[in-house]
Amino acid sequence: MRLSDLNPGQQAAVTAPDGVQLVVAGAGTGKTRTLVHRVAWLVDEGVDPRDIVLLTFTRRAAREMLDRASAMVGDQAKAVRGGTFHSFAVSALRRHADALGYSRDFTVLDRADAEALVGLVRGEVGLGGRERRAPQRRTLLKLVSKQINTGRPLADLIDASYPQYLEFAPEIERLAVRYTERKREQNVMDFDDLLVRMVELLRDHPDRREHLARGVRYLLVDEYQDTNRLQAEITGLLSYLHGNLMVVGDEAQSIYGFRGADVRNILDFTELFPHAEVIRLEQNYRSVQPVLDLANGVLQSAAEGYGKVLFSERSSPERPELVTTYDEQEQASYLAQRVQERKAEGLDYRSQAVLFRSGYHSNLLEVELQRAGVAFRKFGGLKFVEASHVRDVFALLRVVANPRDVMAWVRILQWFAGLGAVTAERIAQKILDHPEHSLEPTPYRKRKYGPALAHLAQVLSAAAPLSDRPEALVAHLLEYYAPLLETLYEDHRKRVNDLKTLTELASKYTDLESLLAEVALDPPEQTEIDADPAEEDWLTLSTIHSAKGLEWAVVYVMQLGDGHFPTTHAVEDPDALEEERRLLYVAVTRARDALELVRPTFLRGRFGVQPTECALLDEIPAFHSKIARRDGQLRGASKTKPTEKHPDIAAAEARLAEFMRRFPRKG
DNA sequence: GCCAATCATCGATAG
DNA sequence: GATGATTGGC
């Protein structure tokens with residue numbers, strides 16, 4: 001490895017002596033590069049790679065960094081343990097489950113299952129079927145989760161986000177307690193439990209703490225501004241023994257407030273670790289100055305001053321562009337055409353990315369791209385494993401792995417005619433209370449669904465011995481499930497292909513537990529599954545959250561407009577709007593050479609499709625001098641298809657024309 | 001008492 | 001489009 005490629009700040013971070021360092025690194029200042037070099041440098045210095053732990057925000061980021069480190073110092077760097085806090089916790093918790101009243105075959109509930117379980121408890125604590133409008137299970141889980149991740153009292157959180165539900169505070173308190181109890185009974189953990197139990201393990205079990213911390217000689221944490229208090233606690237507890245900790249982050253890029261992330265973790269870091277060396281990386285190597293001018297403008301408009309100004313030595317005559325289109329359809333057509341134009345000019349799709357606030361914002365664009373034959377992959381939004389029929393198969397896998405998994409049972413049992421939610425829960429509870437019998441169909445023999453249960457029991461008992469061969473296990477279960485699929489879904493023809501994909505997915509694993517944990521913690525993206533592996537040049541579509549830490553030569557930020565980006569909620573809530581601003585900052589700073597902000601004039605609002613402002617853009621100081629304007633209307637429209645007006649807009653215009661005709665202006 | 005079909009309401013980001 | 005309350009049927 002060569003240190004001469006690095007600037008003095010980066011070198012200081014890479015070669016820092018033992019101890020605690022805080023690396024404050026603005027967007028594009030080579031944060032990832034620095035971490036990669038740090039790992040490589042440590043390995044090069046003779047540190048056992050297995051004693052290095054690199055915690056990142058996604059597993060994708062961890063993999064990428066370790067690959068790059070390996071390229072510098074050889075494959076030994078692959079032995080570095082890397083992943084998210086959650087994935088690190090799963091492996092630690094499996095080994096130490098006994099200390100926490102769990103057994104080591106616990107399963108991980110994803111959000112949908114967690115919500116389903118909250119739904120069961122919801123009825124139990126009296127939050128269902130009343131004339132008073134009680135919060136939905138989704139909202140309830142959000143509240144409980146936020147309480148756990150922030151440590152703030154539930155009543156405060158309700159007051160802040162859902163004041164209309166304050167009258168339910170006592171019931172919600174009870175729900176939180178029951179929910180936790182039931183998860184433990186069922187030997188399942190939701191995402192929050194992974195952190196909570198990890199803290200519990202490290203805090204309350206000194207022997208385990210020492211054992212775990214002994215193996216963490218160097219701890220590196222990326223994206224520290226997006227950690228919550230539990231993660232900060234884990235960071236401190238894991239590194240207490242050797243005292244070698246490096247955290248890296250940028251407070252201006254904090255975009256996970258909704259998940260309980262606390263910027264104070266990074267802002268107050270030196271109070272917690274007074275001996276920490278603070279290293280600042282300020283020079284931006286990524287973007288041209290005009291892009292940074294706009295990024296700086298976005299930060300200036302923030303209520304909380306970050307006092308940060310990015311500068312670059314890369315100049316460009318082109319300012320970022322504000323592209324105005326008529327509506328969403330024209331936006332989609334424009335983008336599809338624009339990426340092709342750039343491709344024709346010699347810029348690969350690989351160097352371009354379209355970013356948006358919410359997963360569904362790209363729906364129309366995806367249709368246009370498909371029509372135009374542009375290969376793309378989408379990151380964020382609905383995942384392959386979230387499809388209902390795929391979840392079905394995973395429910396079968398989960399009861400094989402953990403027969404106490406009530407939510408998996410409840411899902412499976414409701415496949416059968418005449419067996420509804422109430423009976424399903426009753427049977428699942430019975431299995432939980434007498435796990436030695438598992439599914440014993442005899443008591444239900446006289447029921448309509450008796451034979452179906454007998455068949456299921458038979459399939460599952462044959463499945464058990466296949467646990468250490470996931471591929472064979474999936475094949476066995478599919479033999480049972482495939483015929484069922486046809487009766488369960490009218491559109492089963494579309495769904496049946498996914499079953500083959502499932503077998504392929506399973507073939508990558510050697511045991512069932514890691515298959516299930518990985519799929520819960522790092523689900524493969526739908527378009528990765530669909531993509532033609534031979535196609536190497538594809539366009540990236542991504543939510544801004546999923547684009548964090550990445551960069552492209554050209555970036556398009558689409559769907560700018562109140563109610564979309566920023567989202568509905570944020571338009572009224574100043575704190576939420578601040579997070580939207582940081583989100584825009586993250587999006588803008590992904591661009592190396594060129595940036596386009598695309599803004600449809602007519603967007604779907606509360607009263608149908610209507611002209612829409614964009615608070616985020618309007619408040620940027622001297623915005624108009626920082627951007628160039630472009631009309632997104634397609635001139636060479638014959639190349640693609642003609643722009644269609646949104647039906648709502650067409651209808652509104654027709655009504656307007658009718659109105660004008662009947663009430664002609666005088667004079 | 002439970003199931004299955006029907007109707008109103010409301011939306012995000014992710015491990 | 002999903003969630004959850006409601007309603008009619010067994």
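Chain naming here is simple, since letters A, B, ... match the order of the sequence lines and numbering starts at 1 in each.
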Asks: Is there aromatic stacking of A:Tyr256 on B:dT13 here, judged by a ring-centre distance under 5.5 Å and a plane angle under 30°?
Replies: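 No; by the centre-distance and plane-angle rule, A:Tyr256 does not count as stacking on B:dT13.
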
Asks: Give the rounded distance in Å between these two atoms: CD of A:Gln559 and C1' of B:dA12.
Replies: 13 Å

Asks: With a 4.0 Å cut-off on heavy atoms, is A:Ala520 in touch with a base, just the backbone sugar-phosphate, or nothing at all?
Replies: nothing

Asks: Any salt bridge between A:Lys31 and A:Asp250, counting N to O under 4.0 Å?
Replies: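 Judged by the 4.0 Å cut-off on N to carboxylate O distance, A:Lys31 and A:Asp250 do not form a salt bridge.
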
Asks: Nearest to the side chain of A:Phe191, which nucleotide is it out of B:dG15, B:dC3, B:dT13?
Replies: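 Minimum distance to the A:Phe191 side chain belongs to B:dG15.
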
Asks: Can you identify which nucleotide, out of B:dA14, B:dT13, C:dT3, has its nearest atom closest to the A:Ser546 side chain?
Replies: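 Output: B:dA14.
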
Asks: Does A:Arg138 place a side-chain N or O at less than 4.0 Å from the phosphate oxygens OP1/OP2 of B:dA12?
Replies: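 For B:dA12, OP1/OP2 do have a side-chain N/O of A:Arg138 under 4.0 Å.
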
Asks: Cation-pi between A:Arg111 and A:Phe191: NZ/CZ under 6.0 Å from ring centre and within 45° of the ring axis?
Replies: no

Asks: Without decimals, in angstroms, what is the distance between A:Lys146 NZ and B:dG15 P?
Replies: 17 Å

Asks: Among C:dA5, B:dC3, B:dT13, which nucleotide has an atom closest to any side-chain atom of A:Arg122?
Replies: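 From the listed options, C:dA5 comes nearest.
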
Asks: Just to be sure I understand the rule, does A:Gly119 reach a base, reach only the sugar-phosphate, or reach nothing, if contact means heavy atoms closer than 4.0 Å?
Replies: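 A:Gly119: no heavy atom of the nucleic acid under 4.0 Å.
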
Asks: Where the side chain of A:Arg111 is concerned, which of B:dA12, B:dG15, C:dA5 is the nearest nucleotide?
Replies: B:dG15

Asks: Kindly say whether, by distance alone, the side chain of A:Asp522 makes a donor-acceptor pair under 3.5 Å with the base of B:dG15?
Replies: no

Asks: In whole angstrom, what separates A:Leu127's CG from C:dA5's P?
Replies: 10 Å

Asks: What orientation do A:Tyr444 and A:Tyr449 show, parallel under 30°, tilted 30 to 60°, or perpendicular over 60°?
Replies: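 Rings of A:Tyr444 and A:Tyr449: tilted, 30 to 60°.
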
Asks: So, are A:Glu486 and A:Arg493 salt-bridged, with charged N and O less than 4.0 Å apart?
Replies: no

Asks: Mapping A:Gly381 and A:Gln414 to their closest nucleotides on DNA chain B, which lands nearer the 5' end?
Replies: A:Gln414

Asks: Distance to the ring centre below 6.0 angstrom and angle to the axis at most 45 degrees; does that hold for A:Lys378 and A:Phe376?
Replies: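 A:Lys378 over A:Phe376 ring: no.
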
Asks: Can you tell me the distance, in whole Å, between the CZ atom of A:Phe565 and the P atom of B:dT13?
Replies: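 Atom CZ in A:Phe565 sits about 13 Å away from atom P in B:dT13.
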
Asks: If you look at every strand shown and take non-hydrogen atoms under 4.0 Å, does A:Leu419 touch a base, only sugar-phosphate, or nothing?
Replies: sugar-phosphate

Asks: Where each residue is assigned the nucleotide of DNA chain B containing its nearest heavy atom, which of A:Ala576 and A:Arg426 is assigned the position nearer the 5′ end?
Replies: A:Arg426

Asks: Between B:dA14 and A:Thr543, is there an OP1 or OP2 to side-chain N/O distance shorter than 4.0 Å?
Replies: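 True: A:Thr543 side-chain N/O within range (under 4.0 Å) of B:dA14 OP1/OP2.
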
Asks: Taking only the side-chain heavy atoms of A:Arg137 (C-beta and beyond), determine which of B:dA4, B:dT13, C:dG4 contains the nearest atom.
Replies: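 Minimum distance to the A:Arg137 side chain belongs to C:dG4.
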
Asks: Where the side chain of A:Gln136 is defined as all heavy atoms beyond and including C-beta, which of C:dT3, B:dG15, B:dT13 is the nearest nucleotide?
Replies: C:dT3

Asks: Checking contacts here: which listed nucleotide (B:dG15, B:dA12, C:dT3) is nearest the side-chain heavy atoms of A:Leu521?
Replies: B:dG15

Asks: Measure from NZ or CZ of A:Arg60 to the centre of the six-membered ring of A:Phe379, then state whether that distance is under 6.0 Å and the direction lies within 45° of the axis.
Replies: yes

Asks: Which of these nucleotides, B:dC10, B:dG15, B:dA12, is closest to any side-chain atom of A:Thr567?
Replies: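 Comparing B:dC10, B:dG15, B:dA12 against the side chain of A:Thr567, the answer is B:dA12.
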
Asks: B:dG1 P sits how many Å from A:Arg447 CZ, rounded?
Replies: 15 Å

Asks: Which nucleotide wins on minimum distance to the side chain of A:Arg259, given the candidates B:dG15, B:dA12, B:dC2?
Replies: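 Selected nucleotide (nearest to the side chain): B:dG15.
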
Asks: From CG of A:Leu616 over to P of B:dA12, roughly how many Å is that when rounded to an integer?
Replies: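 So the two atoms are 18 Å apart, to the nearest Å.
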
Asks: Please classify the nucleic acid contact of A:Ala417 as base, sugar-phosphate, or nothing, using heavy-atom distances under 4.0 Å.
Replies: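 Touches sugar-phosphate only.
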
Asks: Using whole Å, report how far CE of A:Met558 lies from P of B:dT13.
Replies: 14 Å

Asks: Tell me if a side-chain donor or acceptor on A:Asn402 pairs with a main-chain N or O of A:Asn187 at a distance below 3.5 Å.
Replies: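 Such a contact is found between A:Asn402 side chain and A:Asn187 backbone.
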
Asks: Nearest whole angstrom, please: distance from the C1' of C:dG4 to the CZ of A:Arg133.
Replies: 10 Å

Asks: NA contact type, A:Thr568, heavy-atom cut-off 4.0 Å: base, sugar-phosphate, or nothing?
Replies: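 Nothing, no nucleic acid heavy atom in range.
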
Asks: Of all the choices, B:dC3, B:dT13, B:dG15, which nucleotide is nearest to the side chain of A:Thr423 once you look at every atom?
Replies: B:dC3

